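Contents: one structure, followed by commentary.
Letters A, B, ... mirror the listed sequences (proteins, then strands); counts begin at 1. A quick note: this is a predicted structure, and the numbers were derived from the prediction, not measured.
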Amino acid sequence: MSPMLSPAAILGASWLMLAGHHTRFLLSAGAASVLLVAGLSRRIGIIDDETGHLCRNRRPPPFGPWISRQTPASIVSREICSLRTLPPAYVIGVGGAGLVVIGLILRSEGLPALLRLILIMLFMLFTLFTTPTVARVLAQSARKAGLKPIHDCRERYR
Amino acid sequence: MSSLLAINVALFTILAITGMAIARMRQLYAAAMLSGLFSLTSACIFVLHDAVDVAFTEAAVGAGMTTVLFLGTLGLTRAREKTTPPRRSLPALLVALATGALLIYASIDLPNFAAADTPVQTHPLTERYLETSIEEIGMPNVVTSVLASYRGYDTFGEVAVIFTAGIAVLMLLGHHAGTRPEPQNRTPLRDGQHVLRVVAKLLIPFILLFALYVQFHGDFGPGGGFQAGVILASGVILYALVFGLGAARQEISMQVLRQLVAAGLMLYGGVGIATMLLGGAFLDYNRFAPSDPAHGQHLGILLIELGVGITVSAAMIVLFFCFAGRGIIRK
């Protein structure tokens, strides 16, 4: 089998999966695009032994299950650490506000279920990325007000 | 309060919090990533308002291209914002407050949220675009019909603006881009960072293919030349960030890019001139197939979208190559 054939087949399958229209023109454009991208990728060296091995390997990478556990675990532990720098009342307030937003999205019956699911996932992602920043700002105001945090574990992750 | 309004309020709140977090943040890498999140949230709001094409552009340009350009710029500068002395920040605060006040004053003239009697809803042109464009142009995506056919002149002007920006940057910084060696503070990831390198290698072909998919499917769904050009350029810029500017320049020469920036605009203008030579007006695509106007429209729009895609992608890559090639090292 040609070393370019396997990536081209994967790219071709991706095109067919994305496309909702299968006219003659679009299929020809798809075939030309797949060949162009596969050829270009080989020319600039991004289809080589490393990626070729992944394309030919039918099994998932052995570290897949490990990394899929570790990544969320590290993010969640960072979130918990950020929240523990806050007083308990603040944590309840932040958590309550988050639950209210999710509840509002869930109860919005005018929207398709898929859009609601996407919105909730986006909100969760937003929360994951912004909690440390929001917690830092809130912790500063709490310190000024003389409120004690649950436990300051920031040094561990600094 | 309706559910849709509640979701809009929630998204706008997220937008405001993100904006404030960006303003307060001193770590510029985090600020750049948050600005990408800001664009994605904006894109969600546009989707909620049924402006899917605008959402696509916002996601491609705001979250994709701009974030990549920010990260590329941070490779040349320091990653932490310098603290401004309070006496110097006062004029900036006053300017920001005045601008904010002006914007709020201007927003008083805006129609009410979701009002049904706004000119956008009631103008006869809206009905014409939505109801007769399928017969006249024969495309399911009305946005493409409007941008590429009804308002083809405007789009030609927009492409000319992008062409001018690309040429201006080339004239100002182009002499740096092709001749200087790889800046010392931009280390290509050939010898380390295996995960990043392999993931980039896996992603780039799909990014390039998706750009071509968006280019060819602009008639049927969200997308078109602008979005395709930006996505294609993002793929090339990702390659340059991971494998080094030198490697990217070696594969895509500045000479070719210069020609492509002009070629796209010339293709667009050439289609207009061709329609004039065939006896029609400028950009009157019906002239390509007088017996089947819809076919002529399809052909004309396909060609001009291709021109847009070529100019936008080449101009974006030129911008990145020129700026990244400067290699300024600040201490």
Side-chain angles (χ1 to χ4, degrees), chain A residues 7-8 10-12 14-15 18-21 23 25-26 28-30 32-34 36-38 40-48 50-55 61 63 67 97 100-111 115-116 118-119 122-123 125-127 129-130 132-134 136-137, chain B residues 1-7 9-11 13-14 17-18 20-22 24-25 27 30-31 33-34 36-37 40-41 43-44 47-48 140 194-195 197-198 200-217 219-221 235-236 239 242-243 247-248 250-252 298 302:
Chain A
I10 294 170
L11 289 171
S14 311
W15 180 283
L18 283 169
H21 298 268
T23 61
F25 167 72
L26 286 176
S28 313
S33 303
V34 164
L36 178 71
V37 172
L40 189 70
S41 303
R42 176 151 289 278
R43 184 169 171 268
I44 62 177
I46 53 176
I47 293 180
D48 56 7
E50 274 178 330
T51 44
H53 170 72
L54 285 170
C55 289
F63 62 87
I67 197 99
V100 167
V101 173
I102 291 175
L104 281 171
I105 297 173
L106 275 175
R107 281 177 58 83
S108 54
E109 286 159 10
L111 291 175
L115 183 59
R116 274 186 270 171
I118 291 170
L119 280 174
L122 277 173
F123 179 71
L125 273 177
F126 171 82
T127 312
F129 282 109
T130 53
T133 310
V134 174
R136 194 167 57 241
V137 175
Chain B
M1 188 164 64
S2 74
S3 304
L4 193 62
L5 188 60
I7 290 178
V9 170
L11 282 174
T13 310
I14 292 173
I17 293 171
T18 314
M20 282 189 276
I22 293 170
R24 288 184 62 88
M25 202 163 263
Q27 290 88 0
M33 298 314 291
L34 273 184
L37 190 69
L40 278 180
T41 316
C44 288
V47 172
L48 270 180
H194 291 279
V195 174
R197 200 182 61 220
V198 172
K201 280 181 178 180
L202 288 174
L203 276 179
I204 289 169
F206 288 102
I207 294 173
L208 299 180
L209 185 75
F210 187 62
L212 293 169
Y213 167 82
V214 169
Q215 174 76 53
F216 288 115
H217 284 78
D219 303 358
F220 298 95
V236 175
Y239 179 81
V242 174
F243 297 98
Q250 205 175 346
E251 300 299 342
I252 308 169
H298 270 275
L302 180 77

Original post:
Are Phe126(A) and Leu40(B) close enough that some pair of their side-chain heavy atoms sits under 4.5 Å apart?
Top reply: no
Subject >> Contact class of Arg43(A) relative to chain B, heavy atoms under 4.5 angstrom >> reply: both
Original post:
In Å and rounded to the nearest 0.5 Å, what is the CG to CG distance from Leu209(B) to Leu18(A)?
Top reply: 7.5 Å
Original post:
CZ/Phe123(A) to OG1/Thr41(B) distance, rounded to the nearest 0.5 angstrom?
Top reply: 11.0 Å
**OP:** Carefully, step by step, assess Phe206(B) and Val37(A) under the rule side chain to side chain contact (heavy atoms under 4.5 Å, CB included).
**Re:** CA-CA 8 Å; Phe206(B) 288 102; Val37(A) 172; over 6 Å; no
Subject >> Side chain / backbone / both / neither for Ile252(B) at chain A, heavy atoms under 4.5 Å >> reply: neither
Original post:
Partners of Leu36(A) by side-chain contact (heavy atoms from CB on, under 4.5 Å), sequence neighbours excluded?
Top reply: Leu212(B)
**OP:** Please flag which part of Val100(A) lies under 4.5 Å from any non-hydrogen atom of chain B: side chain, backbone, both or neither.
**Re:** neither
Original post:
Roughly how far, to the nearest 0.5 Å, is CG of Leu125(A) from CG of Leu37(B)?
Top reply: 8.0 Å
**OP:** Any chance you could measure Asp219(B), atom CG, to Thr23(A), atom OG1, to the nearest 0.5 Å?
**Re:** 9.5 Å
Subject >> Side-chain heavy-atom pair Phe220(B), Leu26(A) within 4.5 angstrom cut-off >> reply: yes
Original post:
Which residues pass the side-chain contact (heavy atoms from CB on, under 4.5 Å) test with Ala30(B), sequence neighbours left out?
Top reply: Met25(B), Gln27(B)
Original post:
When rounded to the nearest 0.5 angstrom, what distance separates CZ in Arg197(B) from CD1 in Ile46(A)?
Top reply: 13.0 Å
**OP:** Let me see the working for Leu104(A) and Ile7(B) under side chain to side chain contact (heavy atoms under 4.5 Å, CB included), right down to the final yes or no.
**Re:** CA-CA 7 Å; Leu104(A) 281 171; Ile7(B) 290 178; 5.6 Å; no
Subject >> chain B contact via Ser33(A) - which portion, at a heavy-atom distance below 4.5 Å >> reply: both
Original post:
When heavy-atom pairs shorter than 4.5 Å are enumerated against chain A, which of Tyr213(B), Phe216(B), Phe210(B) gives the highest number?
Top reply: Tyr213(B)
**OP:** Would you mind telling me which of Ile14(B), Leu34(B), Val47(B) has the largest number of heavy-atom pairs within less than 4.5 Å of chain A?
**Re:** Ile14(B)
